[in-house]
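Quick caveat, the model's predicted, so the values are computed rather than measured. What you see below is based on every heavy atom in this structure, not just the backbone, and it leaves out hydrogens, waters and symmetry mates.
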Amino acid sequence: MSRDDEFEPKYHQIEQALRVRIAGARAHDAVASEAQLCEEFGVSRMTARAALQRLVADGLVYRRVGRGTFVAPPAPPRRADMLVRFSAEMRRQGRRPSSRLLGAEVRPAGEVEAAQLELGKGQTEVVAVSRLRLADGVPVAIEHAVFPGELRALLHAELDGPAARSLHEALVRLGREPSRGHATLDARAASAEEALLLEVPVGAALLVERRLILDRGDRPVELTESRYVGARYGLQVAFTVDS
């Protein structure tokens, strides 16, 4: 056992071991019971239950009273009319999310940024955060997010590595809970810089999502552009036929 393992919570060790098993299993296959996990890992029933509950919360397994725990069917792509945190979406799909910080700073607001974030008189700065978002270590998207300058405390959030926290969680802690918004979608070819970061050929298809998010007080709180690798990310679209 490594020194890091000595300090890692037991339920987290069990959870990670089960994630590996689930990745190679089929939908509706049985997962080890709490009693079996207790025996295998030498832990209490409460610890085994905590590991399983985390997997249930991420949508990787489901439980049936009196029958046991089973591998959940693969999650469908994100619906285009719903905003789901990248980290939560990847976990729901059974993938391990992480982030690599590309840049974070307070800088003067651009004209478009100031207008869309509705910066008031005297508000001349924005918080800009750029990250590479990964799933199972594979680059999926480049994300550029801009926030009103008053939210500079976001720069103290954990933004890098496997333990990276959601910026939306940080916004909630600052009293600016994201509530609704709107987005536009288009496509572009990857530039040389984007191709290097995303580990794709220059000119590879990227899905570009630009969104403005409002808080529960209907105040603009986030302006973000995400550039997804088209072959690694999809959106599910529901529609009606115009007669």
Under 3.5 Å, is there a donor-acceptor pair linking the side chains of Arg133 and Ser99? yes

Does any part of the side chain of [Y], heavy atoms only, come nearer than 4.5 Å to the side chain of [X], both counted from C-beta?
X      : Y      : answer
Val31  : Leu18  : yes
Val208 : Leu185 : no
Leu198 : Leu132 : yes
Pro220 : Leu117 : yes
Leu223 : Phe147 : no
Tyr228 : Glu209 : yes
Arg107 : Val146 : yes

Residue pairs involving residues 218-229 (criterion salt bridge (charged side-chain N to carboxylate O under 4.0 Å, His left out); sequence neighbours excluded): Arg180-Asp218, Glu194-Arg227, Arg210-Glu225, Asp215-Arg219, Glu225-Arg227

Could you list all the salt bridge (charged side-chain N to carboxylate O under 4.0 Å, His left out) pairs where at least one residue sits in residues 120-130, not counting sequence neighbours? Glu125-Arg152

Between Gln16 (side chain) and Gln13 (backbone), is there a donor-acceptor pair under 3.5 Å? no

Any side-chain to backbone donor/acceptor pair from Glu15 onto His12? Under 3.5 Å, distance only. no

ILVMFWY network linking [X] to [Y], side-chain heavy atoms under 4.5 angstrom:
X      : Y      : result
Leu167 : Val126 : no
Leu101 : Val127 : yes
Leu212 : Leu119 : yes

Verify side-chain contact (heavy atoms from CB on, under 4.5 Å) between Leu174 and Leu151, making sure each step is shown before the conclusion. CA-CA 8 Å; Leu174 293 173; Leu151 297 174; 4.1 Å; yes

Which heavy atom of [X] sits nearest a heavy atom of [Y], and at what distance?
X      : Y      : value
Val200 : Ala190 : CG2-CB, 4.3 Å
Val71  : Ala25  : CG2-CB, 3.9 Å
Val229 : Leu206 : CA-CD2, 4.0 Å
Val129 : Arg131 : CG1-CG, 4.0 Å
Pro178 : Val172 : CD-CG2, 4.1 Å
Leu155 : Ala104 : CD2-CB, 3.7 Å

Would you say Glu39 has more than 12 foreign heavy atoms packed within less than 6.0 Å of its CD? no

How far does [atom1] of [X] sit from [atom2] of [Y], to the nearest 0.5 angstrom?
X      : Y      : atom1 : atom2 : result
Ser179 : Leu214 : OG    : CG    : 7.5 Å
Leu134 : Asp136 : CG    : CG    : 10.0 Å
Tyr11  : Met46  : OH    : CE    : 13.5 Å

All side-chain contact (heavy atoms from CB on, under 4.5 Å) counterparts of Arg63, not counting sequence neighbours: Glu34, Arg49, Leu52, Gln53, Val56, Thr69

Other hydrophobic cluster members with Leu196, side-chain heavy atoms of Ile/Leu/Val/Met/Phe/Trp/Tyr under 4.5 Å, chained? none

Besides Phe70, the hydrophobic cluster formed by Ile, Leu, Val, Met, Phe, Trp and Tyr side chains linked at under 4.5 Å, directly or via other members, contains Tyr62

Take Glu150 and Gln123 through the side-chain contact (heavy atoms from CB on, under 4.5 Å) test and state the conclusion after the steps. CA-CA 8 Å; Glu150 66 195 59; Gln123 294 179 301; 3.0 Å; yes

ring-ring contact (aromatic ring centres under 6.0 Å, His included) contacts touching residues 119-145 (sequence neighbours left out): none

Please determine if Glu143 and Arg100 form a salt bridge, counting it only when a charged side-chain N lies under 4.0 Å from a carboxylate O. no

Between Thr47 and Leu37, does the side-chain contact (heavy atoms from CB on, under 4.5 Å) criterion hold? Intermediate values first, please. CA-CA 9 Å; Thr47 300; Leu37 293 174; over 6 Å; no

